[in-house]
Amino acid sequence: MSFERNSTRPAPPRSPAAARALVFAALLACACAEAAGQSPTPSPRPAREDAAPPPMRYLPEETREKLKAEARDLKDRTKLSIELAEARLASAAAYAAADRFEAATLELGVYEAIVKDAIAFLKATGKNSNKIRDLFKRVEIALRSHVPRLETLRRGLPSQHAVHAQATLDFVRDARTEALEAFFDDTIIPERPAPKANAPGGERAKGVAPDNGKKPDRR
C-alpha cells in the first residue's frame, strides 16, 4: 500500500513580531540597494561673500571748514572743491593698492559728498551769469577726467567693494549731466519780433502817422 506525499502543505502562521521584522528587513535592503546605485553627494559650494556695506556720503568737519572759508569767492571755492575731490580719489587709490578696500570705498563716499556740495552751492547762488555757467562747465570737465581714474580703481577692487566704485561712476555720470544742464540753462536766445518799417536814411521811424491816402501838406 502506497501513500502519496502532500507537497502543498500550508506554512505555519507567523507571529506579528516576525512579520514586522521581515518588512523592516525588506525596506532596509531596498534602501541599501538604492544608496549603492547613487553617486556620492557633492560637497556644498562655499557661500558667496556678502557685498561690503555702502560708504556713507558725508563732508568731514575739516573739509567743511575749508569750503566755508572760500564761500565768498565762487571761483576759488569751486577750484577748492575740485582739488579736495581729486585728493579723495588719490587717497582711495592708495588704500586700494594697500589692500585696504573698505577704507578706499569710504573715501569714495566723501568724494561724492564734495562733488554734490560743489554743484548745490553754485545752484544756490540763484544767479545765471556767464561766470556761473563757466564754473559749471569747469566742474563738468573735472568730473569727466575723474571717470578713467574711477574705472581703474573699480577694476582693482574685489567684487564686494567694486560694486560701490561702480555706484560712484553712476553718480559722476548724473553729476555731469546736472552740471551741463545748468550750463545750458537759459542760454537760448529768444526769437526777436519782426522789425518795424524803417524811415528813409536807415533809421527806425518813430511816431509815424498812419497813411490815410492824403498827401502831406508841404506848405
Gap between atom [atom2] of [Y] and atom [atom1] of [X] - 0.5 Å precision:
| X | Y | atom1 | atom2 | value |
| --- | --- | --- | --- | --- |
| Leu74 | Leu135 | CG | CG | 6.5 Å |
| Arg149 | Tyr111 | CZ | OH | 8.5 Å |
| Asp170 | Asp174 | CG | CG | 7.0 Å |
| Phe183 | Asp134 | CZ | CG | 6.5 Å |

Above 12 or not: heavy atoms from other molecules or residues under 6.0 Å from [atom1] of [X]?
| X | atom1 | answer |
| --- | --- | --- |
| Glu65 | CD | yes |
| Lys137 | NZ | yes |
| Arg72 | CZ | no |

Do [X] and [Y] make a side-chain contact, defined as non-hydrogen atoms from C-beta onward lying under 4.5 Å apart?
| X | Y | answer |
| --- | --- | --- |
| Leu108 | Leu89 | yes |
| Leu180 | Phe136 | no |
| Phe171 | Lys116 | yes |
| Val172 | Arg176 | yes |

For [X] and [Y], which heavy atoms make the closest approach, and how far apart are they?
| X | Y | value |
| --- | --- | --- |
| Val115 | Ala175 | CG1-CB, 4.1 Å |
| Ser145 | Glu86 | OG-OE2, 4.4 Å |
| Ala93 | Leu153 | CA-CD1, 4.1 Å |
| Ile132 | Leu122 | CG2-O, 4.4 Å |
| Glu140 | Ala179 | CB-CB, 4.1 Å |
| Pro55 | Thr105 | CB-O, 3.0 Å |

Indicate, with yes or no, if [Y] and [X] share a hydrophobic cluster defined by side-chain heavy-atom contacts under 4.5 Å among Ile, Leu, Val, Met, Phe, Trp and Tyr.
| X | Y | answer |
| --- | --- | --- |
| Leu106 | Met56 | no |
| Leu157 | Leu150 | yes |
| Val139 | Leu67 | no |
| Leu169 | Ile119 | yes |
| Ile82 | Leu80 | no |

Query raised in the report: So which pairs with a foot in residues 98-111 pass salt bridge (Lys or Arg N to Asp or Glu O under 4.0 Å), sequence neighbours left out?
Result: Arg88-Glu107
Query raised in the report: Can you check salt bridge (Lys or Arg N to Asp or Glu O under 4.0 Å) on Glu70 and Lys66, steps first, answer last?
Result: CA-CA 7 Å; Glu70 300 290 347; Lys66 289 181 179 179; over 6 Å; no
Query raised in the report: Any donor-acceptor pair under 3.5 Å linking the side chain of Thr125 with the backbone of Phe121?
Result: no
Query raised in the report: Is any NZ, NE, NH1 or NH2 atom of the basic residue among Asp117 and Arg77 found under 4.0 Å from an Asp or Glu carboxylate oxygen of the other?
Result: yes
